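Just so it is clear, the structure is predicted and the values come from calculations on it, not from any experiment.
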Amino acid sequence: MSIELPKELSEEQRAFKKLDSEMNQNKSNAYVQSIGQFLKQHIEKHNNAAEAILATDKTIEKSLDLMKEEAKKKAVNGFAMFTPEEGFALVLNYFQIRVEQIEVPEPQIPVKKANRFDVKLDDFL
């Protein structure tokens with residue numbers, strides 16, 4: 001994936017554009033969306049990470065491929081699981097971003113409001 005990023009933009013802005021582009025191309029992939037959001041939040045707090053994100057050979061999808069390979073190594077009876085910290089650490093390691101502590105974002109899962117079931121005892125009498 002290679003997109004043209006204007007040189008007049010800051011490194012941080014170009015990193016956001018690169019992530020947005022990949023996220024837009026993979027709108028139905030919740031994993032790409034989640035990792036993309038995580039990386040954008042990471043850049044906001046650590047703008048020195050933008051340079052690593054801009055590496056032309058690094059993509060969110062390839063970071064997921066790395067995670068898949070690591071899961072295969074860790075699997076027991078065909079099953080593997082990472083904590084959020086482990087998963088995000090693998091992504092940061094893939095992009096060669098060094099951090100002291102990983103800040104795991106809150107999941108942004110839309111919650112549908114349920115219709116309230118309203119019944120009174122008088123309704124049955």
Side-chain angles (χ1 to χ4, degrees):
M1 180 191 86
S2 181
I3 62 168
E4 191 66 32
L5 299 169
K7 297 291 183 200
E8 64 272 2
L9 296 178
S10 71
E11 209 168 54
E12 185 176 313
Q13 290 170 321
R14 289 186 300 145
F16 277 122
K17 283 201 174 291
K18 179 182 178 191
L19 292 170
D20 286 339
S21 174
E22 187 171 359
M23 292 168 69
N24 286 335
Q25 290 175 1
N26 296 282
K27 286 185 181 187
S28 63
N29 187 329
Y31 299 113
V32 169
Q33 301 302 312
S34 179
I35 297 299
Q37 284 300 323
F38 166 74
L39 290 171
K40 288 167 73 173
Q41 288 174 4
H42 189 79
I43 292 169
E44 287 174 349
K45 293 180 182 174
H46 311 277
N47 61 358
N48 59 339
E51 181 181 354
I53 301 297
L54 287 170
T56 56
D57 61 331
K58 304 284 184 179
T59 67
I60 299 169
E61 284 189 291
K62 288 181 182 176
S63 75
L64 291 169
D65 290 341
L66 169 79
M67 198 178 298
K68 193 183 312 181
E69 291 303 314
E70 291 299 317
K72 287 178 184 176
K73 293 177 191 175
K74 185 179 177 175
V76 175
N77 295 328
F79 180 79
M81 190 170 151
F82 294 116
T83 65
E85 290 83 3
E86 291 170 326
F88 290 125
L90 286 170
V91 170
L92 292 176
N93 188 43
Y94 165 78
F95 280 99
Q96 298 177 340
I97 299 171
R98 307 286 178 243
V99 293
E100 295 285 323
Q101 182 178 1
I102 296 174
E103 299 173 29
V104 177
E106 288 292 320
Q108 295 185 357
I109 301 169
V111 178
K112 292 182 181 178
K113 190 173 183 177
N115 291 334
R116 186 178 166 141
F117 182 71
D118 188 18
V119 86
K120 297 175 185 82
L121 184 57
D122 291 335
D123 294 340
F124 295 104
L125 297 177

- line: Of all heavy-atom pairs linking G87 and F82, the shortest is N-CB, 4.0 Å

- request: Any chance you could measure T59, atom OG1, to F95, atom CZ, to the nearest 0.5 Å?
  value: 6.5 Å

Rounded distance (nearest 0.5 Å) linking atom CZ of R14 with atom CD1 of I53: 13.0 Å

Spacing of K17 atom NZ and L9 atom CG [to the nearest 0.5 Å]: 6.0 Å

- prompt: In Å and rounded to the nearest 0.5 Å, what is the CD1 to CD distance from I60 to Q37?
  reply: 9.5 Å

- prompt: Does D57 pair with K62 as a salt bridge, N-O distance under 4.0 Å?
  reply: no

query: Can you list every salt bridge (charged side-chain N to carboxylate O under 4.0 Å, His left out) pair that touches residues 42-53, not counting sequence neighbours?
result: K45-E103

Could you pull out all donor-acceptor pairs under 3.5 Å where a side-chain atom in residues 64-80 meets a protein atom, sequence neighbours excluded?
unit_1, atom_1, unit_2, atom_2, d
E70, OE2, K73, NZ, 3.1
K74, NZ, M81, O, 2.8
K74, NZ, E86, OE1, 3.3

query: Does the ring of Y94 carry K58 above it, NZ/CZ under 6.0 angstrom from centre and within 45° of its axis?
result: yes

- prompt: Do N24 and K27 come close enough that some side-chain heavy atom pair is under 4.5 Å?
  reply: yes

- prompt: Of the non-hydrogen atoms in E11 and A50, which two are nearest, and what is the gap between them?
  reply: O-CB, 3.7 Å

query: Counting distance only, does the side-chain N/O of E12 pair as donor-acceptor with the main-chain N or O of A49 below 3.5 Å?
result: no

message: Holding to salt bridge (charged side-chain N to carboxylate O under 4.0 Å, His left out), I want the full list of residues that pass it with E85, two or more places apart in sequence or in another chain.
response: none

task: State, to 0.1 Å, how close V32 and E22 come at their nearest heavy-atom pair, and which atoms those are.
output: CG1-O, 4.1 Å

query: In this structure, are over 12 heavy atoms from other groups packed under 6.0 Å from Y31 atom OH?
result: no

Between CG on residue L54 and CD1 on residue I43, distance to nearest 0.5 Å: 7.5 Å

Separation of L92 CG from H42 NE2 (nearest 0.5 Å): 5.0 Å

